[in-house]
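Keep in mind the model is a prediction, meaning the values are calculated, not measured. Both backbone and side-chain heavy atoms feed into the values below; hydrogens, waters and symmetry mates do not. Just so you know, ligand 1 is whichever comes first in the structure, and atom 1 is the first atom listed for that ligand.
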Amino acid sequence: MSPTDVPSPAPSPAASAHAGTGENPAPVAVKDLRLNSPVTDLVGVGPGRARLLARLEIHTVSDLLRHLPARYQWESAEGEIKDIVFETIASARGTVMVTRWVAMGRGKGRYQATLQDATGRLDLVWFNAAYLRDKIHPGMVIRVQGKAKPFNGYPQMSNPKWEPLENLDAAARQERYRPIYPATEDLPSARIEEMIATALPHVAAQLIDPLPADFLAEHVMPPLADAFRMAHRPEHEEEAAAARRRLAFNELLLLQLGIAIKKHHARTQLAAPALRWSEAIDAHIRQRFPFKLTPQQELAVGQIVEDIRQGKPMNRLLQGDVGSGKTVVALYAVLLAVANRKQGAIMVPTELLAEQHFASISAMLAGSNVRIALLTGGRLDAAERQALEADIESGKVDIVVGTQALLTESVRFNDLALVVVDEQHRFGVMQRAAFRQRDVGEGAGEKSVPPADGRIRSPHCLVMTATPIPRTLSLTIFGDLDISTITGLPPGRTPITTRVVGADKADEVYRYLAGRVAKGEQAYVVVPAIDEAGKESLKQLKNVRAHAELLQDKYGAGLRVAAVHGQLERSKREEIMQAFRASEVHILVATTVIEVGVDVPNASLMVVEHAERFGLAQLHQLRGRIGRGANGRKSLCVFVAEPVTEEAIRRMAAIGGTTDGFKIAEEDLSIRGMGDFFGTRQHGLPPLRVARIPKDIPLLQLARRDAHAIVEADAGLVGDRWRLLRKVLIQQYGDTLGLIDVG
Ligand code: ADP
Ligand code: MG
C-alpha cells in the first residue's frame with residue numbers, strides 16, 4: 001500500500017536545529033512536512049530516535065504512516081487510586097515510592113513497587129521481570145493499568161502494564177480504543193503512537209486517493225486519508241475494521257491490476273509460433289517414451305497441445321506432486337517444438353538436476369536425430385561455451401537443458417518456440433518474464449520472420465512445480481498462469497511410510513537401515529551442513545563429511561557410504577551420483593542438493609537429520625526422492641527431529657501425517673502465511689502488509705473482479721478516471737507493466 005508521494009523540498013535547517021536526541025517524547029511537526037520528509041523533520045525526532053525507527057524500517061513520514069497497528073485495545077479511563085474497583089481493569093497514575101526485588105532462586109524473582117497518589121496507595125508486583133529493576137525507580141511518575149485485588153490491606157496489581165509519565169500533570173487518559181504498534185523495547189508503541197498522531201494531521205491532505213469517489217462509495221469504503229486516520233486513531237472497533245478493509249483492498253487491487261495488465265499485455269502484444277500437430281507427429285513423439293502416459297498426464301498434454309497450436313504464447317503452470325511424472329509431459333511439448341523444426345529450452349534450478357535431465361532425455365532420444373545440449377554455469381571452458389552458443393544460435397541444437405545460465409545475454413536462440421521452467425518455486429516471476437520479454441529467433445540463421453502486426457515475438461512457456469499452489473494462492477501470485485494439474489502418481493510408485501523420531505532413536509534407525517541396505521536397497525541420509533566450518537550455531541549440527549565417516553565406521557561394514565554436497569567439484573559429484581545410480585554406493589549422505597529431481601529408483605530409504613530445521617515444502621521434496629518402487633520394497637522415510645518451536649512442531653506433525661503434497665502446501669501456507677510461503681518480494685510482486693491470505697480471500701475476489709473490469713474498460717489506464725491509479729501502479733511496478741507515464 002503506497003500513498004501517492006508528492007516530492008517535498010529539502011528539510012529546512014530550522015527543523016533539524018530543533019531536532020533533539022530522541023529523548024524528547026513529544027514530537028512536534030514542522031509546517032512544511034511532506035509524506036517523503038525524513039522522520040527527523042518531526043521536531044523531537046533526532047538521530048537517536050531516527051535510528052530506532054530505522055530498525056522498524058521507518059525512514060520517512062510515509063513509512064511512519066504505513067506502520068500500522070498490529071492490534072487495538074480498549075483502555076479504561078484513568079481514575080484516582082481510592083476509586084479503583086477490584087477485579088476490573090483500572091488505570092491510575094502516581095509516584096513510585098519504594099521498590100524491591102525479591103529473589104526466588106535461579107534468576108527468578110518478583111519486582112515490587114508502591115505507587116502513591118493524593119488519594120491512596122497501590123501496590124504493584126511483576127513476576128520474573130528482573131529487567132524492571134533498571135526501569136522503575138523511586139521518584140518516577142508512572143501510569144499503570146491492570147486488575148487490582150486486595151492484598152495486605154491495599155489494592156495490588158499483578159503484572160500491570162505501565163508507562164513512564166513526564167510528570168504528575170501529564171494529560172489524563174480518557175477511555176479509548178488504542179492502537180498497539182509493532183514496537184521495540186527502546187521504542188515502545190506509545191512513542192510511535194505520539195509521532196503518528198503528530199504527523200498525520202499535517203500530511204493527511206497529501207494522501208491522494210487513487211480511486212474515484214463514486215467507486216469508493218459503491219464499495220462502501222472510506223477515502224484513503226480517512227482510512228489512515230481511522231487505522232491510527234480509531235474512535236471504535238468499526239472504524240479500525242473499516243480502515244483495515246480499505247487498506248487491504250488497496251494492496252489487493254494493485255496486485256490484481258498488476259496481474260491483469262500483464263495478462264492483457266501477453267494476450268494482445270505478444271505473438272508465439274503456432275505449432276503444427278498431427279497424429280503422425282504424436283505417434284512419433286510417443287514412441288520415444290518407455291511407458292504409457294497416465295490419464296492425468298494425457299489431460300495435461302492435451303491442454304498444452306491446445307495452447308501451443310495458437311499463435312499467442314502459452315503461459316501454463318503444470319503442477320503435480322513430486323514424482324507425479326511432469327517431465328515426460330514437458331518433454332512431449334519440447335518434442336512437438338522440435339518436430340516443427342524449432343527449438344526448445346528446459347531451465348532447471350541446479351546443475352545436478354540439469355545434468356540428470358540431460359542424461360535421462362538423452363537416453364530417451366538415443367538413436368534419433370534430435371540434437372540436445374547441456375548448458376550450465378560451471379561446466380564448460382570459454383571455447384567450449386562459445387562453440388555451444390554458436391550451435392544454439394545457428395539452430396544446430398534442438399533442445400538445450402540448462403540452469404539460469406540460459407538467461408545470459410550471450411545465449412541467443414535461432415528459433416526458440418518453447419521454454420520449460422522446472423521447479424518453478426525456485427525461480428521468480430521475473431525470471432519467467434525474462435524469457436518472455438526477449439526477442440526470440442534473433443540468431444544469425446534466422447528462420448522465423450517477426451510478426452507482421454508489430455507484436456513482440458515470445459516463446460510458449462510451461463512452468464512446472466512440485467510445490468502445489470493452494471487454490472487460494474493460484475488467484476494471487478500465479479494469477480497470470482493457466483494451470484494443469486497432475487494428481488496421483490504414475491504406476492510403479494509405492495506409498496512411503498513416514499516416521500518422525502527423536503535423536504535418541506537415531507542409532508536404532510541406522511541399524512535397521514543398514515540391515516535393509518545389506519539386502520540390496522539404497523538409502524539417502526540428509527544432513528543440514530557440509531562441514532564443521534561456519535557459524536558457531538551450526539557446529540552442533542551433523543555435517544556431511546563427519547556423518548558419512550561415522551555411518552561408514554559404525555554401520556557400514558561391507559557397504560559403501562559416500563557424500564555429496566554443493567561445494568564438491570562437478571566431476572567428483574557426477575562420479576558419485578553415477579556410482580549411486582549404479583548401486584555401487586549404498587548409502588548417500590547429502591545436503592539438500594538432492595532435494596529436486598534426483599531420480600534413483602532403487603533408493604527406497606531416507607533419513608533426514610535435524611528435520612526440524614527444514615521447511616515443510618523442502619521436507620516433502622526430499623521425501624519425494626524415494627518411493628520410486630523399483631525394488632518392490634516398501635519405502636521408508638525417517639525424520640529425526642527435535643522440534644521446540646510451535647511452528648516446528650506443526651511442521652513435523654504435518655510431514656508425518658500425510659504424503660499428499662496439496663495438503664502439505666495448504667498447511668505450509670497456514671503455518672507461514674503468504675508472505676513467506678512464496679516470498680512475494682522475490683517474485684517481484686508488491687508485498688502484502690495489511691491483507692492476509694487466506695483470511696482476505698473474499699476481498700481478494702472483489703479486487704480481482706474490479707481489476708478485470710478496469711483493464712477491460714481501459715487497459716492502459718489512460719483515461720482521466722484512472723490517472724492516479726496508473727501513477728501508483730507505475731510507482732509500484734516500474735515499467736514492467738508497459739504503462740506509459742504521461743505525467
Ligand atoms: P516429477 O513430476 O517429480 O518431475 P518425474 O517426471 O521425475 O516426476 O517422474 C517420476 C518417475 O515416474 C520417473 O522415474 C518417471 O520415469 C516415472 N514415470 C512418469 N510417468 C510415468 C508413467 N506414465 N508410467 C510409468 N512411470 C512413469
Ligand atoms: Mg521433476
Within the structure, is a non-hydrogen atom of Gly320 found at a distance of less than 4.0 Å from ligand 1? no
Please report the closest heavy-atom contact between Met347 and Thr403, naming both atoms and the distance. CG-O, 3.7 Å
Roughly how far, to the nearest 0.5 Å, is CD1 of Ile308 from SG of Cys461? 12.0 Å
Heavy-atom check, side chain of Val400 versus side chain of Phe413, under 4.5 Å: yes
Is the closest heavy-atom distance from Lys292 to ligand 1 below 4.0 Å? yes
Taking NZ, NE, NH1 and NH2 as the nitrogens, is one of them in Glu575 or Lys572 under 4.0 Å from a carboxylate oxygen of the other? yes
Under 3.5 Å, N or O to N or O, is Gly325 touching ligand 1 that way? yes
Gln319 side chain to Thr485 side chain, donor-acceptor N/O pair below 3.5 angstrom: yes
Note: ligand 1 atoms sitting under 4.0 Å from heavy atoms of Thr294 are 23 (N)
With a 4.0 Å cut-off on heavy atoms, is Asp321 touching ligand 1? yes
Considering only heavy atoms of Gln297, which atoms of ligand 1 have at least one such atom less than 4.0 Å away? 19 (C), 20 (N), 21 (C), 22 (C), 23 (N)
Quick one: does Leu568's side chain get under 4.5 Å of Ile576's, heavy atoms only? yes
Residue Thr327 vicinity, atoms of ligand 1 by number, heavy atom under 4.0 Å: 4 (O), 5 (P), 6 (O), 7 (O)
